[in-house]
Structures are given as structure tokens and as C-alpha cells.
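Just so you know, residue 1 is the first one in the sequence shown, and it goes up from there.
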Amino acid sequence: EQCGGPLGALRGPLRVAHEALDAAHAALDKIVAAHAAWKAAPRSPGRPPLWDDKVAHGTELVAEAEGALQRLLAQKAGLREAIRNLGEAVWPIDLRTGEWLSSEGVRARLEGIFDEIWQRAAELGLPERTIASVTKARRLVDLWVGTAAWWNRRVQARLLAAPVAPEVQGLMHAVLIPAALLDVARRRAPTGMVRRALGALIEHVTAPLRESGGVWSRLPEETRRAARALAMECAGMFQPSSSCVEGRNGYLSLRHHHLHALPAPWLKTLTVLHNFVIRRGDGTTAAERFFGRKPGDLFEHLVTVTPLPA
């Protein structure tokens, strides 16, 4: 909604601004060429044209067109940055500082980003449908905040249920779980620059683990291994997007591309295949990851329940 809304609505004004700049440059070039031709031609009687004023006026028009285009490009860059920040703001860990955020902290960040998008859209005078797209996307704030709150509750319950010493509890909150979530974000990052920045932040967050004589260094290796596994488990509870269905949606979109309409039984069949047959590199299916245990064999089930043909 945001990329196709505010950013999409800027295509027209940017095209007009580029055309206006090209026209201003063409007009200035025409004045300069006319001045050069006048200098080369024999002088005619009468007052000469005010070439300096004409050139100054043409240069002023070019500067105005360039300024208008640069303002639009700056607004586009600001909008793109704000929209990109939405992907970071839904995380319960600040991806720039490693700080653990409460659900209200997530809400404040999201509301601030949408306020910026709204303000930029209003300054640009974008059409009503663009404002509607911002409003539509803003309705998801409560859902995103609820996801962060749910994750925080699940993590707290998991830590209370685990036999973790009090000193390890502090490390889990301050270091291990934030570092695990940052590592998840690093592996999902779209560019090498972002991955390197997150890697440097992980090094900064995990600095207390490398202190000689610290709490972490005095723990047995088995305890440290269990704490790291627990942190990775807690980080795995958070899904920053509907990643569990994006793969299936993308596959169905590919099938729809050439068929345009799939029968309902076929859709159900593809869903079953995705959940119970297709395996990741680790050999697990979507159903096994969701339920936490390996389901029965689908083929054996079909042999049992499917009637034989006549």
C-alpha cells in the first residue's frame, strides 16, 4: 500500500518536473545559440537585444526547475526511507541499538513513521487515494503492536519455565535474546551493507559475553550452550511478517499466472502438499515446524482413506 500509494503517486509529478527542467534547459540553450548567431552576423542598426537579461532569466528558470525537481527527489527519498523503516519498527528489538522494546515502544515508533509519511504526502498535495492507502496501512498498527506484545509474553513465560539462574536471566534479557533476534534480522537483510551493520551491532551487544572474569565466563560450557539454545528458541517465536504463508502465496501466484483461476480442490491439494510434503534443507515440513512434532506419512494416510478405483 505504501510503495504503490505515496511513492506511486510521485511518478507523475516527477515526470512533469523532469520535463520542465528539460524545457528550461532547451530554452536557455536556444537563447545562448541565438546570442552566438547574433554576434556572428553583421550588426544591424538599432539597439541590440538585452542578451544578458535574457540569459539571466533563462538561467533563473533552469535553477527554479532544478530546485523543484530536487525537492521532489528529496521527498521521495524521505518517503522511501520512512517506508523502509516500517519493516524495522515492527521488531521488538531496536535494529539500530539492540535495545529491547516494549509493545508501547513499538507503537510509538510505528505512529511516528506513519505521521512522517502522512506529513510528506500532505506537503506534496498527493491525491485522495494516496491518503486512503496510508490510512489503510495504518490500521495494521494494532496488529503489529499485538504481535510484539504476544512475543514479549511468550518469552517471559518461557524464561520463567526454564531452569535459568538469576544472573543468566539478566544476560538473556540484555544480551542473548537481542543478539539472537539481530542475527535473524541479519540473515534476512536484503543487502550486504545492512548485513554488515547488523553484524557490527551484534558484536557490540555481545561484548559483555567476552569480558574476562564476567558472569558469562564463569558459567560452565553446558550452561552457556543451553542459554544460547534458549535464546534462539525465543527469537524464533517472533515472525516479523507473514513469512509462514508467503512461500505458498508466491507459489500459488505463479500457478495463477498462466491459469488465472484454480479450482478449489486444487487449491486445497496445493496447501496440503506445501504443509505436509515440501521439506526445507533441514528435512522438516511446515506442519512439523508448526506443531512441533513430526506428522504421520501423507502417502500412507491416502492409501488408507482413498477408495481403490473400480
Got a sec, which residues hit salt bridge (Lys or Arg N to Asp or Glu O under 4.0 Å) with [X], two or more places apart in sequence or on another chain?
X: Arg96; result: Glu81, Glu88
X: Arg293; result: none
X: Glu123; result: none
X: Arg187; result: Asp183

Any residue meeting side-chain contact (heavy atoms from CB on, under 4.5 Å) with [X], in chain and number order, not counting sequence neighbours:
X: Glu111; value: Arg107, Arg138, Val141
X: Thr191; value: Met193, Val194
X: Val215; value: Glu167, Leu171, Arg218
X: Leu160; value: none

- Message: Check this for me, if you would: do Glu221 and Arg224 make a salt bridge, where the nitrogen-to-carboxylate-oxygen distance has to be below 4.0 angstrom?
- Response: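 Salt bridge present between Glu221 and Arg224.
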
- Query: With a 4.0 Å cut-off, would you call Arg71 and Glu66 a salt bridge?
  - Reply: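 No salt bridge links Arg71 with Glu66.
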
Just by modelled atom types, is the [Y] backbone N or O under 3.5 Å from a matching donor or acceptor in the [X] side chain?
X: Thr147; Y: Leu143; answer: yes
X: Thr306; Y: Val303; answer: no
X: Thr271; Y: Leu267; answer: yes

Identify, with sequence neighbours excluded, every residue that meets ring-ring contact (aromatic ring centres under 6.0 Å, His included) alongside [X].
X: Trp118; result: none
X: His204; result: none
X: His35; result: Trp51

- With rounding to the nearest 0.5 Å, note down the distance linking CD in Glu233 to CG in Leu159.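 The distance works out to 9.5 Å.
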
- Message: Is there a path of hydrophobic side-chain contacts, each under 4.5 Å between heavy atoms, that joins Leu61 and Val55?
- Response: no

- Query: Under a single-linkage definition using a 4.5 Å side-chain heavy-atom cutoff for Ile, Leu, Val, Met, Phe, Trp and Tyr, are Val168 and Met232 assigned to the same hydrophobic cluster?
  - Reply: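 Looking at the clustering, Met232 is in a separate group from Val168.
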
- Item | Pairs meeting criterion ring-ring contact (aromatic ring centres under 6.0 Å, His included) with involvement of residues 165-187, two or more places apart | Trp100-His173

- Does a side chain donor of either Arg279 or Thr285 reach within less than 3.5 Å of an acceptor in the other side chain? no

- Provide the closest heavy-atom pair for Val90 versus Phe238 in the form atom of the first, atom of the second, distance.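 Smallest interatomic distance, heavy atoms only, reads O-CZ, 3.4 Å.
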
